[in-house]
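Numbering starts at 1 and runs along the sequence shown.
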Amino acid sequence: MQLLKANCMKIAIIIPYFGKWPVWIDLYFFSCSENQEIDWFFFTDCEIPVACPSNLHFIETSFHAYCKRVSERLNLDFYPANPYKLCGLRPFYGYIHQDLIAEYDFW
């Protein structure tokens with residue numbers, strides 16, 4: 001990671017997650033916080049942690065509102081019954097969230 005710091009590369013990871021956090025989420029958040037070179041963006045309707053590291057960002061939204069954003073950006077109707085279907089959008093995250101990742105080198 002020394003190379004990343006020397007070149008000041010900026011990395012963003014986009015994670016839409018809806019429903020209920022898994023029991024191990026605090027460990028995941030801790031792991032994310034230890035990777036200070038990366039900004040983590042969670043689009044979620046889950047409870048936002050009270051103490052939050054500076055590289056974790058939570059965007060509160062409903063599943064329906066997120067699907068509406070996707071539908072508008074991709075110019076299609078995307079309203080799946082299950083949030084699990086969001087994983088199929090991964091190749092499009094850069095386009096869907098282009099305003100969010102504009103200042104990043106990698107996402």
Checklist entry - Looking at residues at least two apart in the chain, or sitting in another chain, which of them share a side-chain hydrogen bond (donor to acceptor under 3.5 Å, both in side chains) with E47? => result none

Checklist entry - Is there side-chain contact between V70 and L89, with at least one heavy-atom pair below 4.5 Å? => result yes

Next on the checklist: For Y79 and H64, I'd like to know if the aromatic rings sit close, meaning centre-to-centre distance below 6.0 Å.
Outcome noted: yes

Checklist entry - Is the gap between the ring centers of F58 and F42 under 6.0 Å? => result yes

Checklist entry - Do you reckon I59 sits in the same ILVMFWY cluster as I25, going by side-chain contacts under 4.5 Å, direct or chained? => result no

Checklist entry - What is the minimum heavy-atom distance between N35 and S31, and which atoms define it? => result ND2-O, 2.8 Å

Checklist entry - Do I13 and M9 share a hydrophobic cluster, counting only Ile, Leu, Val, Met, Phe, Trp and Tyr and linking them when any side-chain heavy atoms are less than 4.5 Å apart? => result yes

Checklist entry - Do the ring planes of Y66 and F43 sit parallel (below 30°), tilted (30 to 60°) or perpendicular (above 60°)? => result tilted

Next on the checklist: Minimum heavy-atom separation for C32 and L56, please, with both atom names.
Outcome noted: CB-CD1, 3.7 Å

Item to check | Expected output: side-chain N82 to main-chain Y84 donor-acceptor under 3.5 Å | outcome: yes

Checklist entry - Can we call the ring centroids of W21 and F29 under 6.0 Å apart? => result yes

Next on the checklist: Would you say W40 ends up clustered with I14 if hydrophobic residues are merged whenever their side chains have heavy atoms under 4.5 Å apart, either directly or through other cluster members?
Outcome noted: no

Checklist entry - Any side-chain heavy atom of F63 within less than 4.5 Å of one from L86? => result yes

Item to check | 4.5 Å side-chain heavy-atom contact, S33 and N55 | outcome: yes

Checklist entry - With a 4.5 Å limit on heavy-atom distance, are the side chains of E60 and T44 in contact? => result no

Checklist entry - Would a hydrophobic clustering, with Ile, Leu, Val, Met, Phe, Trp and Tyr connected at side-chain separations under 4.5 Å, put L74 with F78? => result yes

Checklist entry - Are any non-hydrogen side-chain atoms of P80 and C67 less than 4.5 angstrom apart? => result yes

Next on the checklist: Does anything in residues 94-103 form a salt bridge (Lys or Arg N to Asp or Glu O under 4.0 Å)? List the pairs, not counting sequence neighbours.
Outcome noted: K10-E103, R69-D99

Checklist entry - Rounded to the nearest 0.5 Å, how far does CD of E72 lie from CG of D77? => result 10.5 Å

Checklist entry - Any side-chain heavy atom of W107 sitting closer than 4.5 Å to one from I11? => result no

Checklist entry - Do I38 and F30 share a hydrophobic cluster (ILVMFWY, side-chain heavy atoms under 4.5 Å, transitive)? => result no

Checklist entry - Are Y28 and I15 close enough that some pair of their side-chain heavy atoms sits under 4.5 Å apart? => result yes

Checklist entry - Heavy atoms, side chains only, cut-off 4.5 Å: are T61 and F18 in contact? => result yes

